[in-house]
*Asks:* 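Below is the structure I would like to discuss, written out as structure tokens.
A note on names: the letters A, B, ... follow the listed sequences, proteins ahead of strands, and every chain is numbered from 1.
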There are 2 protein chains.
Amino acid sequence: MGTETDFKVTDSEWEVMRVVWAHGQVSSKEIINVLEQKMGWKPGTTKTFIGRLVTKGMLDTQTEGRRYLYSAKVSENKFVRHSLGDFFSHVCNKEVGKTIAEVLSEATLSHQDIALLQEVLEAKKKVAVDVVPCNCVPGQCHCNVHHH
Amino acid sequence: MGTETDFKVTDSEWEVMRVVWAHGQVSSKEIINVLEQKMGWKPGTTKTFIGRLVTKGMLDTQTEGRRYLYSAKVSENKFVRHSLGDFFSHVCNKEVGKTIAEVLSEATLSHQDIALLQEVLEAKKKVAVDVVPCNCVPGQCHCNVHHH
DNA sequence: GATTAAAGTTTACGTTTGTAAACGATTCGT
DNA sequence: ACGAATCGTTTACAAACGTAAACTTTAATC
């Protein structure tokens with residue numbers, strides 16, 4: 001064991017990660033600047049989060065001179081997808097389609113996005129089911145509450 | 001001020017909320033039972049979360065005899081959408097379409113879901129933009145990192 | 001070469017969360 | 001009517017988080 005990436009970051013740490021992902025490689029100075037701007041954080045605050053992310057195994061350090069350049073151990077895309085998966089673990093499988101439909105109708109989409117989405121849906125048709133099975137524990141979703 | 005619903009619950013509290021949403025009105029006994037099953041929580045643990053949710057203004061109490069029946073102040077749908085909105089605040093607007101496409105390709109969808117999604121997309125076409133504007137702070141996404 | 005500036009590490013401390021037992025009031029069974 | 005079972009409330013306590021100053025080491029400046 002040791003440096004296993006645990007894929008669980010807080011909202012504040014996520015802010016730091018975004019700066020790192022945006023840059024690929026970045027100094028603490030740059031991270032501190034960006035987040036002082038956006039979040040109003042004191043340098044010390046950002047330093048704490050950077051340190052915790054290194055400990056959590058989310059950030060790698062490359063020695064540049066005697067300072068560090070930070071980089072992400074996990075890609076932003078991978079991370080976002082993982083987190084979204086986590087999110088949907090709170091929602092009944094039956095509801096996922098509807099939920100996404102709602103998000104989509106609120107989102108700003110480009111023609112290209114729409115084309116991509118339609119493509120995905122077209123492909124999905126081939127593996128679509130008649131009824132999505134509920135994956136919830138009894139008593140935790142409408143599909144299987146036992147009323148009395 | 002006083003009972004403003006703050007719409008922010010922890011993962012554990014979310015488990016409680018799901019039981020309440022599933023039942024509409026429910027006793028603590030029932031909540032405790034379901035979560036003892038699913039989470040292996042001791043009754044005291046569940047009681048704590050129920051109490052905190054009442055304090056947070058997420059749960060209402062109806063007096064039934066001298067016990068309570070709990071009900072949610074916010075609908076599950078509303079809550080999920082709100083939380084998803086929160087989630088996407090961590091992602092550049094430009095990426096939202098692609099991200100949703102990825103989730104969709106992993107999800108189990110029914111024919112009905114797909115039809116609904118296609119309908120939504122069809123409607124979206126009319127308001128689609130050529131290029132989704134980036135909504136990120138400089139230095140926090142690829143759209144506007146200033147390399148040097 | 002001594003002073004200062006910068007960067008990483010330690011320490012600090014209040015709040016929130018996870019986990020639960022203890023307590024107090026009440027109701028129900030006998 | 002008395003003891004037992006319930007249910008809500010209080011108290012407890014460690015770990016995680018948000019926020020940040022202090023300290024240490026190293027590098028750069030004069």
*Asks:* Can you measure from CD1 (B:Ile31) to CH2 (B:Trp41) and round to the nearest 0.5 angstrom?
*Replies:*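 Going from CD1 on B:Ile31 over to CH2 on B:Trp41, the span is 11.0 Å.
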*Asks:* Rounded off to whole Å, could you give me the CD1-to-P distance for the B:Ile50 and D:dT6 pair?
*Replies:*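 My rounded result for the distance is 16 Å.
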*Asks:* For the side chain of A:Arg52, counting heavy atoms from C-beta on, which of D:dG18, C:dT19, D:dG8 is nearest?
*Replies:*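 Output: D:dG18.
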*Asks:* Rounding to an integer number of Å, can you tell me how far B:Trp14 CH2 sits from C:dT16 P?
*Replies:*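 Between P of C:dT16 and CH2 of B:Trp14: 20 Å.
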*Asks:* How are the rings of B:His82 and B:Phe79 set relative to one another: parallel (under 30°), tilted (30 to 60°) or perpendicular (over 60°)?
*Replies:*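 If you compare the ring of B:His82 with that of B:Phe79, the planes turn out tilted.
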*Asks:* How many whole angstroms separate atom CG of A:Leu53 from atom C1' of D:dC17?
*Replies:*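 Those two atoms, CG and C1', are 12 Å apart.
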*Asks:* Other members of the hydrophobic cluster containing A:Val132, with the 4.5 Å side-chain heavy-atom rule, please.
*Replies:*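 Taking Ile, Leu, Val, Met, Phe, Trp and Tyr as members, A:Val132 shares its hydrophobic cluster with A:Val129.
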*Asks:* Answer yes or no: does a side-chain N or O of B:Lys8 lie under 4.0 Å from OP1 or OP2 of C:dT15?
*Replies:*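 Negative; the distance criterion is not met.
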*Asks:* Classify the ring geometry of B:Trp14 against A:Phe87: parallel below 30°, tilted from 30° to 60°, perpendicular beyond 60°.
*Replies:*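 Ring orientation of B:Trp14 relative to A:Phe87: perpendicular.
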*Asks:* What is the distance, to the nearest angstrom, from the CG atom on A:Asp11 to the P atom on D:dC17?
*Replies:*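 Whole-Å distance recorded here is 11 Å.
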*Asks:* Nearest to the side chain of A:Ser28, heavy atoms from C-beta on, is which of D:dT9, C:dG8, C:dT26?
*Replies:*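 Of all the options, the side chain of A:Ser28 is nearest to C:dG8.
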*Asks:* Calculate the interatomic distance between B:Gln62 atom CD and D:dG8 atom C1'; express it in whole Å.
*Replies:*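 Atom-to-atom, B:Gln62 to D:dG8, this comes out as 16 Å.
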*Asks:* Considering only C:dA6, D:dC17, C:dG18, which nucleotide approaches the side chain of A:Thr10 most closely?
*Replies:*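 Selected nucleotide (nearest to the side chain): D:dC17.
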*Asks:* Between C1' on C:dG8 and CG on A:Leu59, what's the gap in Å once rounded to a whole number?
*Replies:*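 So the two atoms are 14 Å apart, to the nearest Å.
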*Asks:* Heavy atoms within less than 4.0 Å of DNA chain D: which residues of residues 31-49 of chain B have one? Give them sorted by number.
*Replies:*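 Contacting residues: B:Lys47.
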*Asks:* Calculate the interatomic distance between A:Arg67 atom CZ and D:dT24 atom C1'; express it in whole Å.
*Replies:*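 Distance check: A:Arg67 CZ to D:dT24 C1' gives 11 Å.
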*Asks:* Around atom CD of B:Gln112, are there more than 12 heavy atoms from other residues, nucleotides or ligands closer than 6.0 Å?
*Replies:*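 Result for CD/B:Gln112: open.
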*Asks:* Measure from NZ on A:Lys29 to P on C:dG8 and round the result to the nearest Å.
*Replies:*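 Atom-to-atom, A:Lys29 to C:dG8, this comes out as 11 Å.
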*Asks:* Taking only residues two or more places apart in sequence or in another chain, which ones pass salt bridge (Lys or Arg N to Asp or Glu O under 4.0 Å) with B:Glu95?
*Replies:*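 Result, salt bridge (Lys or Arg N to Asp or Glu O under 4.0 Å) vs B:Glu95: none returned.
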*Asks:* Within the 4.5 Å heavy-atom criterion, are A:Cys136 and B:Arg18 side-chain neighbours or not?
*Replies:*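 A side-chain contact under 4.5 Å exists here.
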*Asks:* Side-chain N or O of A:Ser12 versus OP1/OP2 of D:dC17: is the shortest distance under 4.0 Å?
*Replies:*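 Negative; the distance criterion is not met.
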